[in-house]
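In what follows, a single structure is set out as structure tokens and then discussed.
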Amino acid sequence: MTTPDSFQTWSSAHQARFENVLRRLLPQPDIAPQRLHDAMRYSVLDGGKRVRPLLAFAAGELVGADIARVDIAATAVELIHAYSLVHDDMPCMDNDVLRRGRPTCHVEYDEATALLVGDSLQSLAFQLLAEHTLNNDAALQLDMVKLLASASGSRGMAGGQAIDLDSVGKQLSLPELEFMHIHKTGALIRAAVLLGAQCGSDKGRGVALDEAQLGRLHHFGKCAGLAFQVVDDVLDSEADTATLGKTAGKDAKQDKPTYVTLLGVQAAKKMAAELHRDALDALSGFGAGARRLRELADFIVLRKF
Ligand code: GRG
């Protein structure tokens, strides 16, 4: 009997493989306009925890999806995430100079290039979803495109970001803070899980989930997404810049409402633990196939960076 890989082995192998997928799918640096393509590759490659792609791979494993299909879905989600970081770091938003341990895109290149990098990564994400077969049922594939669009647009990540920018210096209630983060951070994390699962939902290629199972996966994504943000707030207040690879302590400095400022560190940690439990509960009916999703929930809550 072979022992299944540890989470560390599984995640490192997937991260390394995925890096090559990204290298292949991003525009090559020798193709015009070279500077823009170079900046796109700078912003996406060789950095980040790749939590969203790993969630897509884990959900793909749950349903026995073809990994080549999940590669595309995972890339689309990671490109949207990378675009959001590039734009978020710009002077008109969070105005940061450090990301993934390196100068932010607008510092390394310039502001106009950073704007275009974000725009181009977003377009490429949808191009990939439209260009590759991810599901034999074209209607289901169209649903996947719609899912990513709504998770990243004004009713998802961009909307959450708008609320975030508007909340500086304001006192938000807990439900308001939750609403903001379910959109800003949670929507894309949940989309990563669902897109991975949808790559395996057509007949003959993996297991199609029923409505109840999809609902549980939805709930898992929601809890994991919110837990990710609560932990992000705790790390921002407790970890140092070198460990995070981005400027630590910014939330307090910018007078932003966070789970830590609202609840205090201990209560924020307790909330993360409760969300962790809820996320694991949502997976309880799935059996051994959900092992990697469970491990990712653990990683999201227990991570130190
Ligand atoms: C500009 C439309 C638009 C949206 C920006 C995601 C976001 C919205 C802003 C990033 C600011 C931020 C620190 C959000 C908190 C949670 C978060 C998304 C952290 C960064 O994600 P990680 O930790 O980053 O997965 P890596 O570098 O590991 O990929």
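Not measured: the values here are computed from a predicted model. Because only heavy atoms are used, hydrogens play no part in the values below, and waters and symmetry mates are left out as well, while side chains stay in. Atoms within a ligand are numbered from 1 in the order they appear, just like the ligands themselves.
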Nearest protein heavy-atom contact for [atom]: which residue, which atom, what distance?
atom                    : result
atom 17 (C) of ligand 1 : F228 CE2, 3.9 Å
atom 23 (O) of ligand 1 : K49 NZ, 2.6 Å
atom 3 (C) of ligand 1  : Q161 CG, 3.8 Å
atom 14 (C) of ligand 1 : K184 CE, 3.5 Å

With distance as the sole criterion, is a donor-acceptor pair present between the side chains of [X] and [Y] under 3.5 Å?
X    : Y    : answer
D143 : Q198 : no
S123 : S120 : no
H276 : D298 : yes
T258 : D251 : no
Q229 : D233 : yes

Inset, instruction - Could you name the option among L165, D94, D88, V231 that has the heavy atom nearest to atom 10 (C) of ligand 1? - result: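 Of the listed residues, D88 has the closest heavy atom.
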Legend entry - The one among K246, M157, R52 that brings a heavy atom closest to atom 18 (C) of ligand 1: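 Going through K246, M157, R52 one by one, R52 has the nearest heavy atom to atom 18 (C) of ligand 1.
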Legend entry - Any V51 heavy atom less than 4.0 Å from ligand 1: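 Distance cut 4.0 Å: V51 fails for ligand 1.
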Inset, instruction - Assess F305 for proximity to ligand 1: is some non-hydrogen atom of it under 4.0 Å away? - result: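 F305: no contact with ligand 1 (<4.0 Å).
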Inset, instruction - Flag H81 as yes when one of its N or O atoms lies below 3.5 Å from any N or O atom of ligand 1, and as no otherwise. - result: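 Yes; at least one N/O pair falls below 3.5 Å.
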Inset, instruction - Could you say whether the N/O atoms of S84 and ligand 1 ever approach to under 3.5 Å? - result: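 N/O-N/O distance under 3.5 Å: no.
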Legend entry - Ion pair R35/D110, N-O distance below 4.0 Å: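 A salt bridge links R35 with D110.
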Inset, instruction - Would you mind checking if D46 and R23 are paired as a salt bridge, meaning a charged N to carboxylate O distance below 4.0 Å? - result: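 So R23 pairs with D46 through a salt bridge.
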So if I count the atoms of ligand 1 from 1 in the order they appear, which ones are less than 4.0 Å from some heavy atom of [X]?
X   : value
Y83 : 2 (C)
G48 : 26 (P), 27 (O), 28 (O), 29 (O)
H87 : 1 (C)

Legend entry - Part of Q229 within contact of ligand 1 (heavy atoms, under 4.0 Å):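 Answer for Q229: side chain.
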Legend entry - R100 and ligand 1 - part of the residue with a heavy-atom distance under 4.0 Å: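 Contact part for R100 vs ligand 1: side chain (C-beta onward).
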Legend entry - Partner residues of E19 under the side-chain hydrogen bond (donor to acceptor under 3.5 Å, both in side chains) criterion, sequence neighbours left out: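 Applying side-chain hydrogen bond (donor to acceptor under 3.5 Å, both in side chains) to E19 gives R50.
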Inset, instruction - Supply the atom-to-atom distance F299 CZ to Q8 CD, rounded to the nearest 0.5 angstrom. - result: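 If we round to the nearest 0.5 Å, F299:CZ and Q8:CD are 9.0 Å apart.
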Legend entry - Aromatic plane relationship, F179 with H183 - under 30° parallel, 30 to 60° tilted, over 60° perpendicular: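 The arrangement is tilted - the two ring planes meet at 30° to 60°.
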